[in-house]
Protein chains: 4
Amino acid sequence: MPKLGMEPIRRAALVKATIDAIGRAGTLDVTVGEIARAAGMSSALAHHYFGAKEALFLAAMRQVLTDYGVEVRARLGAAGKDPRARLAAIVAAGFAPQNFRREVVGAWLTFYVLAQSVPEARRLLALYQRRLAANLTHALRPLAGARAPSVAARLGAMIDGVYLREALGAGPPDGAAAEAAVLAHLGCEIGEGR
Amino acid sequence: MPKLGMEPIRRAALVKATIDAIGRAGTLDVTVGEIARAAGMSSALAHHYFGAKEALFLAAMRQVLTDYGVEVRARLGAAGKDPRARLAAIVAAGFAPQNFRREVVGAWLTFYVLAQSVPEARRLLALYQRRLAANLTHALRPLAGARAPSVAARLGAMIDGVYLREALGAGPPDGAAAEAAVLAHLGCEIGEGR
Amino acid sequence: MPKLGMEPIRRAALVKATIDAIGRAGTLDVTVGEIARAAGMSSALAHHYFGAKEALFLAAMRQVLTDYGVEVRARLGAAGKDPRARLAAIVAAGFAPQNFRREVVGAWLTFYVLAQSVPEARRLLALYQRRLAANLTHALRPLAGARAPSVAARLGAMIDGVYLREALGAGPPDGAAAEAAVLAHLGCEIGEGR
Amino acid sequence: MPKLGMEPIRRAALVKATIDAIGRAGTLDVTVGEIARAAGMSSALAHHYFGAKEALFLAAMRQVLTDYGVEVRARLGAAGKDPRARLAAIVAAGFAPQNFRREVVGAWLTFYVLAQSVPEARRLLALYQRRLAANLTHALRPLAGARAPSVAARLGAMIDGVYLREALGAGPPDGAAAEAAVLAHLGCEIGEGR
DNA sequence: AATGAATGAGGATTCATTCAT
DNA sequence: GATGAATGAATCCTCATTCAT
């Protein structure tokens, strides 16, 4: 008995199932059938809602980036005006338990790969990187002055690098350690905590 | 016109074609047929020599890691005893023109993904990471003392992060800029050049 | 023009086509494509329903054995209590026109071969042999007493031997002659009709 | 260093390897490569000597039939003139240890299948059956008179049936039991040993 | 809204067979 | 005499996608 207004529910379920499936498999080699089954529906319905597999992947990617963005904004809101606190908030957002689960980390990495062959994915990723850079630069301005952009670039790279390494670690990802590594780099760049 | 002793030649050609194909496509979704054709032979022959697609991928990965190792050793040999020079040599090896071509960088990223689902790939990557960490730690010992291991970990993450970002850059990868970013991080960690 | 509830229809059509194809070819070397085409569908659909070629073969084998079992039970039901009549019924079942067509006989032989390499096929065949032996032994008890089991074993072998020879005969299999041969053996074993 | 006069040796080795391979696998699905390797040579050489896979199979079949014929003649020679002894000799030949090994029995069965699709194989098998029938009929003449041909036919079927069942038995084939079963049938047909 | 039915296209893999050496 | 090299031709199987219900 199909119900009305199912569309958003179905879409969300599919997107979630996609992220989980990709993250768990560590590959983009997941079938629409698998995803749909995990989301409790037929693959035909998945196509009905997303039209094509790639669109489903992009929606999943968008979701991951959106979740991250939401987390960042929330933490920035709580961080107040202090630049150091704002930087810490941005960094912490990426390693917060919600977004730093194994599936999400695994999915993130595969999205980097997707970005190499799918222009829209590349655009999404570039957008994320620009926003991150902007946030970091803004927060760094009072602390690093003219060096802010280049420090932000390095900080962004550091975040990605640490993330990447966690994606391949054996055990469950360790958010605290990851965060500590990035903050150590940051402290060094802005002349603290040596 | 079959000749004798073709095996090593064919294998090398296939490995090279594999790296190129994966790097160019930015995906592991390349067919054995494509690769074989690029290497100038039938897909059946590729299977004859490698048995299965995965073995071909692993051979390609091994090659990339080997090439990197060779580069590192060569530069370390030329760097002499000075710790700072040795660190610079290790960093520079990763961004040297031979290994920092677009295809190689793209392939490298996909290998990270492969490592998520193929144990042997994971092992290879872990081996590379351990060697890198060991090299860095050793060179850092005189400069950072007890901090050497953690500095090495961060430096390794930074290298990966910068590499990752280059993999997605629009233009051809910029080895010099990448190297500069990593060295800036290093300088900061060991108290120079701010 | 897809309809609902096609599955049993398709499965049955595939099983029938498989028996025909194997029987006609006299080999297990029939492609899924051939079978599917003969059953009026794509090979992909055959895989959809059976998963793998072997499963299709086993289903065909099961069908042949089931058909035989049905025939036996029907004839036993009609044979009443008389042991001699029951034995004749069992023998006749194997050579009844429905099951003694060239394709079925040919298929039967190839299933013997399949049983040599596929455990499940071996199990099915063993089951058939046990049932046949049990039926024969039971019916022979009043006529052969303690000798019943060994007589049943020989009778079973005779049935198989006659079947085997018909499978290779030039013309269409001759059920009446085959049956007569087996009954002659039986008569001899239980002391009649010499 | 190729030697002269290798041809008969190579051919024999290939034929033997073929029988073994088919018997062991219980299928005709053995590759020329496997067989050639087992015979200690390249598959190219196998083709050089036999031209095609089917010819190799036929040669193997011929060998099996020849071996059987040799055995029969040897035992008939030793049996003297007594009809009963001659019949026993013919029967025993089929179940003699040399020819009643698992591989040979398995191969025999697959050859029956081969005969269904390869005319030359059918001819070979028919030849074997005719000779067997002739031998049996001749020996039966003094014992069964005009009934000899039909008794011979049944006896042949019995031999095949018992052989077939041994081919599928779990353990190693039991020649003695098989022979006993056939002889029991024979005794019954010619009025002995009940 | 939802799905079972259905398929075309494609890809990995196998293998008999050929050929130059 | 012998073989490594090489391939074309299959074949199984998977999967995204479409469609009628």
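What you see is a predicted model; the values in this text were computed from it and never measured. Each chain gets a letter, A, B and so on, in the order the sequences are listed, and its residues count up from 1.
Note: CG (C/Leu45) to C1' (F/dC19) measures 14 Å, nearest angstrom. Between the C1' atom of F/dG1 and the CE atom of D/Met6 lies a distance of 9 Å, rounded to the nearest Å. Across the protein-nucleic acid pair, A/Arg37 atom CZ and E/dG4 atom C1' stand 14 Å apart, rounded to whole Å. Atom CZ in B/Arg11 sits about 14 Å away from atom C1' in F/dG4, given to the nearest Å. The distance between atom CG of C/Leu4 and atom C1' of E/dG4, rounded to the nearest whole Å, is 6 Å.
Residues satisfying the side-chain hydrogen bond (donor to acceptor under 3.5 Å, both in side chains) criterion with A/Asp20, sequence neighbours excluded, are A/Lys16. Among residues two or more places apart in sequence or in another chain, the salt bridge (charged side-chain N to carboxylate O under 4.0 Å, His left out) test is passed with D/Arg37 by none.
Counting only residues at least two apart or in different chains, side-chain hydrogen bond (donor to acceptor under 3.5 Å, both in side chains) contacts with residues 101-113 of chain C comprise C/Arg101-C/Glu103, C/Tyr112-C/Asp160. Applying the side-chain hydrogen bond (donor to acceptor under 3.5 Å, both in side chains) rule to pairs touching residues 4-15 of chain C yields C/Glu7-C/Arg11, sequence neighbours excluded.
Across all strands, C/Phe50 comes closer than 4.0 Å to no nucleic acid atom at all (heavy-atom distances).
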If the sugar-phosphate is the primed atoms plus P, OP1 and OP2 and the base is the rest, what is the B/S/- string for nucleotides 12-17 of chain F, using protein heavy atoms under 4.0 Å?
-> SBBBSB

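With respect to the salt-bridge test (charged N to carboxylate O, under 4.0 angstrom), the residues D/Glu120 and D/Arg62 qualify.
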For DNA chain E, what is the dot-bracket line, given that a base pair needs Watson-Crick (N1 to N3, plus N6-O4 or O6-N4) or G-U wobble (N1-O2 and O6-N3) geometry with both distances under 3.5 Å, and | means paired with another strand?
-> .||||||||||||||||||||

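The structure places CE of C/Met41 at 8.0 Å from CE of C/Met6, a figure rounded to the nearest 0.5 Å.
The backbone N or O of A/Val30 sits less than 3.5 Å from a side-chain atom of A/Lys53, completing a donor-acceptor pair.
OP1 and OP2 of F/dG4 both lie 4.0 Å or more from every side-chain N or O belonging to B/Arg10. Phosphate proximity of F/dG4 to B/Tyr49: absent, as no side-chain N or O sits under 4.0 Å from OP1 or OP2.
Between B/Gln116 and A/Thr27 there is no side-chain heavy-atom pair separated by less than 4.5 Å. C/Phe50 is not listed as a side-chain neighbour of C/Val32, based on a closest heavy-atom distance of 4.5 Å or more.
Comparing A/Ala46 and C/Ala46 against DNA chain E, the residue whose closest nucleotide sits nearer the 5' end is A/Ala46.
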